[in-house]
Amino acid sequence: MIKIGLIGAGNRCINYNLPVLKAFEDKAEVCGVLTRSGRIRNKDFKLKANNVATFSTFEDLQKTKPDLIWITVPVEQNLPLLVNCLREN
C-alpha cells in the first residue's frame, strides 16, 4: 500500500485529486492532509479511511512517513511547497 500525504484540501483537491485517489483505494491510502487551517471538510473526503489525519505544518505531515507527497494547491503556490518537499526528501 502506498502512503500518500496531501498538501491542500480545497476545491482543486476535492474535484480533481480525490476522484483519482478513490480509483486507486486498493493500492494507495491517504496518511495525512496538510491544510492552512489543519482541518478538512469530512463530507468531501469520502475515502475508505474516513478518519484522515490533518495537519497545519509540513513537519507534522512528514511524521506520518508518506511514500509520496501530492501537492494539490493552485500552481502559483506550488514552488515553495515543492522546495520544502525536496529538502525533506
Distance from [X] atom [atom1] to [Y] atom [atom2], nearest 0.5 Å?
| X | Y | atom1 | atom2 | value |
| --- | --- | --- | --- | --- |
| Arg12 | Ile71 | CZ | CD1 | 12.0 Å |
| Ile7 | Asn17 | CD1 | CG | 12.0 Å |
| Lys3 | Leu68 | NZ | CG | 11.5 Å |
| Thr64 | Phe55 | OG1 | CZ | 5.5 Å |

Minimum heavy-atom separation for [X] and [Y], please, with both atom names.
| X | Y | answer |
| --- | --- | --- |
| Cys13 | Pro19 | O-CD, 4.4 Å |
| Ala53 | Cys31 | CB-O, 4.1 Å |
| Asp67 | Met1 | OD2-O, 3.8 Å |
| Gly8 | Thr72 | O-OG1, 3.0 Å |
| Leu34 | Ser56 | CD1-C, 3.3 Å |
| Leu61 | Val33 | CD1-N, 4.0 Å |

Would Val30 and Trp70 count as a side chain to side chain contact (heavy atoms under 4.5 Å, CB included) here? Give the steps.
CA-CA 10 Å; Val30 176; Trp70 193 346; over 6 Å; no
Check the hydrophobic clustering (I, L, V, M, F, W, Y; side-chain heavy atoms under 4.5 Å; chains of links allowed) and say if Tyr16 and Val73 are grouped together.
no
Using the rule side-chain contact (heavy atoms from CB on, under 4.5 Å), only one of Ile69, Thr54, Leu21 pairs with Leu6; which is it?
Leu21
Partners of Asp60 by side chain to side chain donor-acceptor pair (under 3.5 Å), sequence neighbours excluded?
Thr57, Lys63
